[in-house]
Number of protein chains: 2
Amino acid sequence: MATKAGVTAREIEVFDRFTAQRGLRHSRPRRDILCTFLDEDRHLTADEILRLARRRNPRVGVATVYRTMKLLTESGLCRELRIEDGAVRYEHLFGHGHHDHLICSQCGRLEEVVDPAIERLQDRLCEQKGFVADHHRLEIYGRCRTCAGFRKTPPRQRSVRRGESR
Amino acid sequence: MATKAGVTAREIEVFDRFTAQRGLRHSRPRRDILCTFLDEDRHLTADEILRLARRRNPRVGVATVYRTMKLLTESGLCRELRIEDGAVRYEHLFGHGHHDHLICSQCGRLEEVVDPAIERLQDRLCEQKGFVADHHRLEIYGRCRTCAGFRKTPPRQRSVRRGESR
DNA sequence: TATGATATTGATAATCTTTATCAATATTCA
DNA sequence: TGAATATTGATAAAGATTATCAATATCATA
Ligand SMILES: [Mn+2]
Ligand SMILES: [Mn+2]
Ligand SMILES: [Zn+2]
Ligand SMILES: [Zn+2]
């Protein structure tokens, strides 16, 4: 379910097609940010992306990160995620297909899941309500298998709170 | 499904019990904000609550609104809602029971729904994954019955974007 | 390859939302 | 009533995201 680390040529291709079709130019910083995003498997915040991108290219600025992530979102390669901690994260979309999230409130882990039966019932619900669905978000909060277990080794507390990102 | 307008005595009772149990004092501004929140049926932002509260009591400040809404959340009377537009809204919880949302991207309408079958499947999904669920959020975005209809009378555009709240 | 049109960038200012500070005030209870 | 202290509102501060803008990079074309 999770994207394997390593930049996928296909994703770069998608982005190149997107920029071409928009009449955008190629640029080093944009490419660096794109690769940073693609190389990471986690759900990163803008600030985390900035730090990682600067390891490749110390000159990239915040604004360009936000600008690029917006482009990536528009190109369908990425999606913004707003969970209960209030932070905005970016997640891979290409090659993932739609999925929902199980979010551990204790260790912060974020598991991606799909349940076709649930999806079907959602469609049925919308139909009943006369609602034409475009997309949806389902997040289930609780304790992951590890954190809920016998907790012989309680995993590190990593529940993220807003403003804790430094 | 929606809370009927008009302050419910029971909700005030719940809050009084909550404050008493916490050793908090009674205060006019807090009461004004509580009643403002209870009187409104919509999903309001902090800023909207502030404006409405000031119609009752022009002296209330922003800080007290945030402080009070936090108390209301802790008391179980209200819940924070973060939808895709990025704004934080507060919604009634007491007398509502758990529910999910159908959100119209065109007119901004927010319909509350419950589908027991979906809830059951979510439980099953978590069980399969070894995940101990605490609560969840499901939001379905699209066009409401009115906006999706023959649109003889296209409803006012009210799709809210961040920072448009003035 | 040089060049001009213009897309892009990064530093920084500006916004917006939420929280922290703190002196003044209100509430509670002996 | 009078102290103890919880509460408030104005305002500063913090964080996150966006807007501004002069400098620079990109690219089609000559
Ligand atoms: Mn889903
Ligand atoms: Mn639900
Ligand atoms: Zn966990
Ligand atoms: Zn609508």
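Order of the sequence lines fixes the chain letters, A, B, ..., with proteins taken first and strands second; residue numbering starts at 1 for each chain.
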* Round to a whole Å and report the spacing from CD of E80(A) to C1' of dA16(D). => 12 Å
* In whole Å, what is the span from the NZ atom of K70(A) to the P atom of dT8(C)? -> 14 Å
* To do: Using the test side-chain contact (heavy atoms from CB on, under 4.5 Å), find all partners of R25(B) that sit at least two apart in sequence or belong to another chain.
  => none
* Within this structure, what is the CZ-to-P distance between R31(B) and dA6(D), rounded to whole angstrom? -> 20 Å
* **Pairs satisfying salt bridge (Lys or Arg N to Asp or Glu O under 4.0 Å), at least one member in residues 12-22 of chain A, at least two apart** => E13(A)-R17(A), D16(A)-R31(A), R22(A)-E74(A)
* **Non-neighbouring partners of R79(B) that pass salt bridge (charged side-chain N to carboxylate O under 4.0 Å, His left out), sequence neighbours left out** => E91(B)
* Starting at atom CE of M69(A), determine the distance to atom P of dT17(D), rounded to an integer number of angstrom. => 12 Å
* To do: To the nearest Å, give me how far apart CD (E48(B)) and P (dC16(C)) are.
  => 15 Å
* Considering heavy-atom distances to DNA chain D, does Y66(A) or V65(B) have its closest nucleotide positioned more toward the 5' end? -> V65(B)
* **Derivation of the side-chain hydrogen bond (donor to acceptor under 3.5 Å, both in side chains) call for H136(A) and H98(A)** => CA-CA 9 Å; H136(A) 70 270; H98(A) 163 77; 3.0 Å; yes
* Would you find a donor on one side and an acceptor on the other, under 3.5 Å apart, between the side chain of H92(A) and the backbone of E40(A)? -> yes
Donor-acceptor contacts, no H, no angles, side chain residues 62-71 of chain B, under 3.5 Å, sequence neighbours left out:
| residue | atom | partner | partner atom | Å |
| --- | --- | --- | --- | --- |
| T64(B) | OG1 | R67(B) | NH2 | 3.3 |
| T68(B) | OG1 | T64(B) | O | 2.7 |

Table of protein N/O atoms under 3.5 Å from nucleotides 28-30 of chain D N/O atoms:
none

* Starting at atom CG of N57(B), determine the distance to atom C1' of dT25(C), rounded to an integer number of angstrom. => 14 Å
* Spacing between R22(A) atom CZ and dT6(C) atom C1', to the nearest angstrom -> 17 Å
Hey, what are the protein-to-nucleotides 20-25 of chain D N/O distances that come in under 3.5 Å?
none

* State plainly whether the residues E84(B) and R137(A) are in salt-bridge range, i.e. N to O under 4.0 Å. => yes
* Salt-bridge test for E80(B) and R82(B): reply yes if a basic N is under 4.0 Å from a carboxylate O, no otherwise. => yes
* Given DNA chain C, 5'-ward residue of the pair V62(B) and P58(A), judged by closest heavy atom -> P58(A)
* Name the residue closer to the 5' end of DNA chain D, choosing between G23(B) and V60(B) according to the nucleotide with the nearest heavy atom. => G23(B)
* Euclidean distance, atom CG of residue D32(A) to atom P of dT8(C) [Å, nearest integer] -> 15 Å
* Structure fact -> What one should report as the nearest heavy-atom pair of G142(A) and F131(B) is N-CZ, 3.4 Å
